[in-house]
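Values reported hereafter were calculated over all heavy atoms of this structure, with side chains retained and with hydrogens, waters and symmetry mates removed.
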Amino acid sequence: QVQLVESGGGSVQPGGSLRLSCAASGYTSSLNCMGWFRQAPGKEREGVAGIYMPTNHTYRAESVRGRFTISQNDAKNAVYLQMNTLNPEDSAMYYCAAVEECLMWRLLQPSEFNYWGQGTQVTVSA
């Protein structure tokens, strides 16, 4: 089993930055894929960024490309989401997810993942 704990959410003004962290515990050596997803009220959960950990390949949604960056630590048991130039449309609950194996081109699909954190809230407002 794998447990995921997110941190780093909060309130920020438009144009500001936040860095989210996701710490994995348990059988983390089995994990090859991790990702960040978000869900705003009344909307479906959407993929933000994903990483294939053995090769460090990353994928980002078009809406965040150039503003958000996903990365992992050397121990491959944590991932981070650096979010810059935030705007109100980025406000949502952000979730970390992980799975043992995945298809790289499906890293932004929630159905690809079977471990989920509890989420951390990000609010962008003036």
* To do: Classify the ring geometry between F68 and Y94 as parallel (under 30°), tilted (30 to 60°) or perpendicular (over 60°).
  => tilted
* Ring center gap for W116 and F37 short of 6.0 angstrom -> yes
* To do: List for me each residue that meets side chain to side chain contact (heavy atoms under 4.5 Å, CB included) alongside A23, sequence neighbours excluded, and say none if there are none.
  => none
* More than 12 foreign heavy atoms under 6.0 Å from CD of E100: is that the case here? -> yes
Would you indicate whether the side-chain heavy atoms of [Y] and [X] approach each other to under 4.5 Å?
X: T123; Y: S11; value: yes
X: S111; Y: R106; value: yes
X: H57; Y: M104; value: yes

* **Lys NZ or Arg CZ of R60 over W36 ring: under 6.0 Å, within 45°** => no
* Is the NZ or CZ atom of R38 positioned over Y95's six-membered ring, under 6.0 angstrom from the centre and within 45° of the axis? -> no
* Asked: If you measure from CZ on R19 to CD on Q82, what distance do you get to the nearest 0.5 Å?
  -> 6.5 Å
* To do: Please identify each residue that fulfils salt bridge (Lys or Arg N to Asp or Glu O under 4.0 Å) with R67, with sequence neighbours left out.
  => D90
* Y52, Y80: one ILVMFWY side-chain cluster at the under-4.5 Å cut-off? -> no
